[in-house]
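Read the structure below first, then the notes.
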Amino acid sequence: MTAEYQVHGAVAVITLNNPPVNGLGLATRMAAVQGIQQALADAAVKAIVITGAGKAFSGGADIKEFNSPKALAEPSLHTLIATVENSTKPVVAAIHTVCMGGGLELALGCHYRVALPGAQIALPEVKLGLLPGAGGTQRLPRVLGLEMALNMIVSGTPVASEKLAGTALFDAVYEAGSDLLAQAIAFAEKVADARPLPKVRERKVDYPNHEAFLQFSRNTVKAMAGPFPAPLECVETVAASVTRKFEDGLKFERERFLHLMQTTESKALRHAFFAERVASKVPDVPADTPVRSIKQAAVIGAGTMGGGIAMNFLNAGIPVVLLETRQEALDKGMATIRKNYDNTVKKGKLTAEKLEQRMALLTGTLAYADIAQADIVVEAVFEDMGVKETVFRQLDSVMKPGVILASNTSTLDLNRIANFTSRPQDVIGLHFFSPANVMKLLEIVRGAQTGKDVLATALALAKKLKKTGVVSGVCDGFIGNRMIEQYSRQAGFLLDEGALPEQVDQAIEKFGFAMGPFRMGDLAGNDIGWAIRKRRAIESPEITYSRSADLLCEMGRFGQKTGGGWYDYKAGDRKAYPNEQVNAMIVQHSAELGITRRQISDKEIVERLVYAMVNEAAHILEEGIALRASDIDMVYLTGYGFPLFRGGPMFYADTVGLANVLAAMAQYARGYQGSAWQPAPLLVKLAGEGKGFNS
C-alpha cells in the first residue's frame, strides 16, 4: 500500500503499489512524495518516471479512505501533484491499463506522459456526484481542447489511450506489447536535459467563440442531468479553464468540489457505490471460500422469466439447456430468445455473429435426463408450492452430485423447497427480476442449510452474469417483495380514502420512482398480486388489504397483457390512460365502506408509500433477513426503480431523520387502517439514539 523507489542508470522509477488499482491513499502519496524528494537530492538522477504496479497506473483516490481523515491528510493529492509539477528534474508518467480520476490528475501534473494502447483514460468523478477536484477540470482542457475534455468530464466515460494519441495529453503511445518501463526510461533519458520543463498549467485553452459553445453545453447538460447537480457544475468549472487564470480556475474548482461533497445527491451516489461493493461480502463466508465450477447451466421453464434467465447465462458464454414440458411452449420460448437478440442486433448493440454464437450455446429439451450433467439448474416455473415440489423431487432424482439447485421463487419458503430434496445444502434461491436479461438485481436467498460454498458460488456467478447480488434470508417475499407489499397496501388504502391511481402514480413518480404502484401492477400482472392475497387470506388472515385490487381483477383487468388494468392501454403504446369505469369502481367501493372521500396531498402519498417500506425494512434488519441497511438500498435501487439520487429507502429515511419518520407514522396511525403503522422496535431504538440505519 505504498510506492516503490528504484534507480535505473540516471533515471529514478517510482512505482505506485497499492492493489488492486494503485489508489492514491495516504501511504502511497507519502511514499511518492518521498520518492520525488529522494530523486531530486540524488545528483546522479537526471529524470524521474512514475508508473503503476500490476494492472493499473492508478485508479485515483483510494476508496477505502473515502470519508476518513486520511483522505485529506498531508501530503494531499494536491500536494503530491504540486511536488511533481514543481520538480526541477523532468517527471514522466508511464501509463498503462487504467488511468482514472486522481491518477489522471497526477499524470497531468507530470511534465511528460507516455502510454501503452488500451489504457482506460477517464475522470469519472461525476458518477459519484462530484467533479475532478485536483486540477482535472483545468488541466485536461489544456491538453485535449475544450470540447473533448468537457465531454469526458461531464460523462465520466473512459476513452482508450490510442484514441488520444496525437493530442497533447500523450508525448508517445507505444505499440501494443512494448516494454512500457524500458520505453519510459529511454524517453526520460532523452528529455533529461531539456529545459524549460513543460507544464500543462502554462498551456492556453484556445476555442473560438467559446461563449456560444459553453452556453450550448449548459443547455444540453441541464436537460440531461435531471436532479443531479454535478454535471452542470462540471461545465462551469471547465468553463473556468477558458475564462480564468489557472490559479483562479483551480481555486474555483476546489470550491465547487467541496460544495458537491455536501450535497445529498453526491452522498446518495457515494452510498450506492460503496453499498454495491459491500453487498457481496458475507461475514461467515470468507473471501477464500472454494467455489464450484459453473460450465453448463439448465433452466426449467421457457416462459418470459425462464427465457430471460437463460439469456443471462448465454451472454456470459455459459451453455444452457432449456427444459419445458410441452414442445409448443419450448419452441415459443426459444423463438422469443432469438427475437430478443434480433432486436438487440437491430439496435446496433450486438453483432449478428455474436447472436449466432449465443444461440449455438442454447439447447432445448423435454426430458429431465438431458439436463442431468448441468452444474447449476434454475427453476423458473409457476409460483406455486405444489408445482415447485414436483420439479425439485424430479431434480433430486436425476441431477448429478454437486449440482446447485436454484429456485427463482419470489415469495415462497425456500427451506420447504430445499426439503423436497435429499441435498438441501445444494439448494439456493436465485430471484431474478423481470425482464431477467435486463434488470441488474439478483436476490440470492440463503436457506437454513445452504452450503457456504454454494452461497460463495452464487455471489461469484452474479458478478459473471453482470448482476448485483444481494443476500437475503428466508421469509415471505424475502427483502424486496416483502417491503413492496407494504407499499402496495398503502397504495390501496389511499384509493379507499380519496385518491385515484393516476394521482398516486404521479406523486411517487415525481418523487423519482421509475413507475408508480398501479402502473407497476399493470406491467407485472394484477393477477399475481391477487394470487398472493388469496394465499395470505388463508395463511395470515390478520393482514388487511383494500379490496379495490380484487374488484379490479374480478372485472378481468389484469394489466397490459389483457389490454387494461388500473389503466387502459392501446396496441403498440405503453402509455397508461385512466379508465372511467375503474375510477367509478374505486369511488363506489369507498361509499360501500362508509368512507367520505377526501383530498390527499402528494406529500402524504409519498410519505405513506415510502415510510411503509422503511418500517418493514427495519423488521427485516432486526430479523437478520438482510445483513445490512445498505443491502436493502441496493435491492431497491437495482430492482425496484427507487430514485438513485435519493440513495435507496434506508438512506432516504436517514436523510429525512428517523425521528421525523416516526412522527409522520404516529400521525398516520391515528387515521384509516392505522394499525398498519406499528413502528418496528429497531426504528424506535435508532430514532431515540439519534442514529440512522446506515450509521
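Residue numbers start at 1 and run along the sequence shown. Side-chain atoms are counted along with the backbone in the values below, which use heavy atoms only and exclude waters and symmetry mates. Predicted model only: the values in this text are computed from it and were never measured.
Taken to the nearest 0.5 Å, the CE atom of Met520 stands 10.0 Å off from the CG atom of Asn526. Here the NZ atom belonging to Lys388 is positioned 5.0 Å from the OG1 atom belonging to Thr409, to the nearest 0.5 angstrom. Note: Ser266 OG to Leu260 CG = 6.5 Å, rounded to the nearest 0.5 Å.
Ion pair Asp527/Lys561 flagged as a salt bridge, since at least one NZ, NE, NH1 or NH2 atom sits closer than 4.0 Å to an Asp/Glu carboxylate oxygen. For the pair Glu276 and Lys440, the salt-bridge criterion is met [side-chain N within less than 4.0 Å of a carboxylate O]. A salt bridge links Asp631 with Arg628: the distance from a Lys NZ or Arg NE/NH1/NH2 to an Asp or Glu carboxylate oxygen falls below 4.0 Å. For Glu623 and Arg482, the salt-bridge test passes: some basic side-chain N is under 4.0 Å from an acidic carboxylate O. Using a cutoff of 4.0 Å between basic side-chain nitrogens and carboxylate oxygens, Asp426 and Arg292 are scored as salt-bridged.
Side-chain atoms of Asn22 come within 3.5 Å of backbone atoms of Ala56 as a donor-acceptor pair (strictly under, hydrogens ignored).
Each of Phe518, Phe642, Tyr640 was compared with Phe513 under the ring-ring contact (aromatic ring centres under 6.0 Å, His included) criterion, and only Phe642 meets it.
Because its NZ or CZ atom is not both nearer than 6.0 Å to the ring centre of Phe420 and within 45° of the ring axis, Arg416 does not count as a cation-pi partner of that residue.
In this structure, Tyr668 has its ring center no closer than 6.0 Å to that of Phe493.
Scanning for side-chain contact (heavy atoms from CB on, under 4.5 Å) contacts around Val320 gives Ala297, Val299, Ala310, Phe313, Leu314, Leu362, with sequence neighbours left out.
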